[in-house]
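What follows is a set of notes on a single structure, which appears directly below.
Letters A, B, ... are given to chains in the order of the sequence lines, protein chains preceding strands, and every chain is numbered from 1. The structure displayed is predicted, hence computed values, not measured ones.
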Protein chains: 2
Amino acid sequence: MSAGELRGRKPRADVQRNRAALLETAQRHFLQHGVGTSLEAVAKEAGVGPGTLYRHFPTREALLAAVLQTRSEELAARQADIKRLDDPAEALEQWLRAMEDYFSAFSGLPDPLMAAARAQEPDNPLTIPCDILISATDQYVRAAQLAGRVRASVRGHDLFLAACSVAWIKGTGTEEEPLDRLRTLIANGYSQGDTPA
Amino acid sequence: MSAGELRGRKPRADVQRNRAALLETAQRHFLQHGVGTSLEAVAKEAGVGPGTLYRHFPTREALLAAVLQTRSEELAARQADIKRLDDPAEALEQWLRAMEDYFSAFSGLPDPLMAAARAQEPDNPLTIPCDILISATDQYVRAAQLAGRVRASVRGHDLFLAACSVAWIKGTGTEEEPLDRLRTLIANGYSQGDTPA
DNA sequence: CATCAAAGCGGATGCTGCCTCCGTATGCAT
DNA sequence: ATGCATACGGAGGCAGCATCCGCTTTGATG
């Protein structure tokens, strides 16, 4: 009568069920097998045909972006915590770590992410999230620069790239220890006014 | 009689011709389409069947390693130049750049390279080159540390990872300018005693 | 030069995954 | 209950990987 007609005409029932099942299954497969996982397998396990999967998500990137939406909310939550910090340098560091975790949610994720960050094709559904993240990073960088904790030459985009790199290396299966050494190297690279040795 | 029996028994003629043709064609395809290029296409263009390709190079990595051999010689040549430098910090910087160029010879190369560097399966033909490069980097690092130009906490392996990262980003099609900013960031990260701002 | 066995060749083959198209089933409104 | 728009899903065409095996080529031998 009235409530259902919010927009256009009719949101069908099975559509939403299928979409939800696909997202749930896709997330599991991305987690277990990386972003290159077989979409056919995802469809089959979700109990739908390949056609249905491709109608809902025309490209692998579209599916990836939709699954990543969930993770984005986690990231937003973390950002809320970070914003409460007094120390802008500490905030920046934690933000970088949060981005890195986000980027390494699935093995192989950094590649399509970088592709989206570079190309200004607005049809790539991963482009928007990337732009947002770069802007956010820039905020943190500027705040830390005002406090004299970060070199003036550094930009948000630089640290976005750095976080992406670390996430990529993480995804190749490198141990945690060398990874931490690399993080330190990067932190030394952008910091100013402390960490003498 | 005697000359042909250098080792074992007989180096056949077509074997060498095919091998050479495969390497030449593979290099072109790797350059143009990245390391993920179709091996079938390589075989066809080299004028051999798929079977022949796989007999010569059982895996993609094997072919890659063989093609990379050529590049390794270029790298060695560059290393000779670098060793003549007086300034160890300058030497380190140039060496990192040389490695980076080596890593980004073909798009997508850093991935199998990292896989080889991590896994201690000696059957992966890319493992040995990686180990050599890490050791070499360590040499340059130590020399620069003795001169007080590089932080004591830095290791060769860290900068190997860093160079690999930059090469990876380069391979994703990023512009040269942000790339250079990242290099600067890394240089600031390992340097000591200069680059104040 | 003719012969022979070993060594190498290459294409046919089976498999997996991608993506599309369209006849059919399904859910919603009347 | 009926009609119709909407969505389903599987068959099918395509590309690439990797293997196997009957046949050719090659170099050695007399």
Side-chain angles (χ1 to χ4, degrees), chain A residues 1-23 25-26 29-30 32-64 66 107-108 111-112 115 123-125, chain B residues 1-23 25-26 29-30 32-66 106-108 111-112 115 123-125:
Chain A
M1 285 292 192
S2 57
E5 291 180 347
L6 284 178
R7 220 184 303 181
R9 287 277 272 288
K10 38 204 154 172
R12 242 169 92 159
D14 48 352
V15 169
Q16 289 186 315
R17 261 191 305 114
N18 284 332
R19 184 185 161 88
L22 281 170
L23 285 176
T25 309
H29 279 241
F30 283 149
Q32 289 177 12
H33 312 294
V35 298
T37 194
S38 160
L39 297 189
E40 279 199 342
V42 170
K44 187 180 297 186
E45 196 176 311
V48 305
T52 299
L53 189 153
Y54 283 102
R55 190 168 336 96
H56 280 271
F57 309 103
T59 68
R60 184 180 295 270
E61 281 71 34
L63 179 56
L64 203 47
S107 147
D111 291 79
D123 56 335
N124 187 328
Chain B
M1 290 290 188
S2 56
E5 292 180 347
L6 284 178
R7 220 184 303 183
R9 285 278 273 286
K10 36 202 156 174
R12 245 170 90 156
D14 48 354
V15 169
Q16 289 186 315
R17 262 192 304 113
N18 285 332
R19 183 185 163 89
L22 280 170
L23 284 176
T25 309
H29 278 240
F30 283 149
Q32 289 178 11
H33 311 294
V35 298
T37 194
S38 160
L39 297 189
E40 278 197 343
V42 170
K44 186 180 299 184
E45 196 176 311
V48 305
T52 299
L53 188 155
Y54 283 103
R55 189 169 337 95
H56 281 269
F57 309 101
T59 68
R60 184 179 294 271
E61 281 71 33
L63 178 56
L64 203 47
F106 316 123
S107 147
D111 291 80
D123 56 336
N124 187 328

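The two residues A:L22 and A:A46 have their closest heavy-atom pair at CD2-CB, 3.8 Å. Listed here is the closest heavy atom pair of B:P112 and B:L64: CG-CD2, 3.9 Å. A pairwise comparison of heavy atoms in B:L39 and B:Y54 identifies CD1-OH, 3.9 Å as the closest pair. Residue B:R60 comes nearest to B:T37 through the heavy atom pair NH1-O, 2.8 Å, listed as atom of the first residue, atom of the second, then distance. Of all heavy-atom pairs spanning A:F57 and A:A66, the tightest one is CE2-CB, 3.6 Å. Here the closest heavy-atom approach between residue A:G49 and residue A:A43 is recorded as O-CB, 4.0 Å.
Atom NE2 of B:H29 and atom P of D:dC17 are 12 Å apart (whole Å). Rounded to whole angstrom, the span from the CZ atom of B:R17 across to the C1' atom of D:dT26 amounts to 10 Å. Taking atom CG of residue B:L22 and atom C1' of nucleotide C:dC9, one finds them 12 Å apart after rounding to whole Å. Here the P atom of nucleotide C:dC9 and the CZ atom of B:R19 are 12 Å apart, to the nearest Å. Across the protein-nucleic acid pair, B:Q16 atom CD and C:dG8 atom P stand 11 Å apart, rounded to whole Å. In this structure, A:F57 places its CZ atom 14 Å from P of D:dG9, rounding to the nearest Å. Atoms CD (A:E45) and C1' (D:dG9) sit 17 Å apart, rounded to a whole Å. Between B:L53 atom CG and C:dG8 atom P there is a gap of 16 Å when expressed in whole angstrom units.
Taking 4.0 angstrom as the limit, B:H56 places a side-chain polar atom (N or O) nearer than this to OP1 or OP2 of C:dC9. Within the 4.0 Å cut-off from OP1 or OP2 of D:dC8, at least one side-chain nitrogen or oxygen of A:N18 is found.
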Could you encode protein contacts along nucleotides 12-25 of chain C as a string, one character per nucleotide from 5' to 3', using B for base contact, S for sugar-phosphate-only contact and - for no contact, with a heavy-atom cut-off of under 4.0 Å? -----SBBBB----
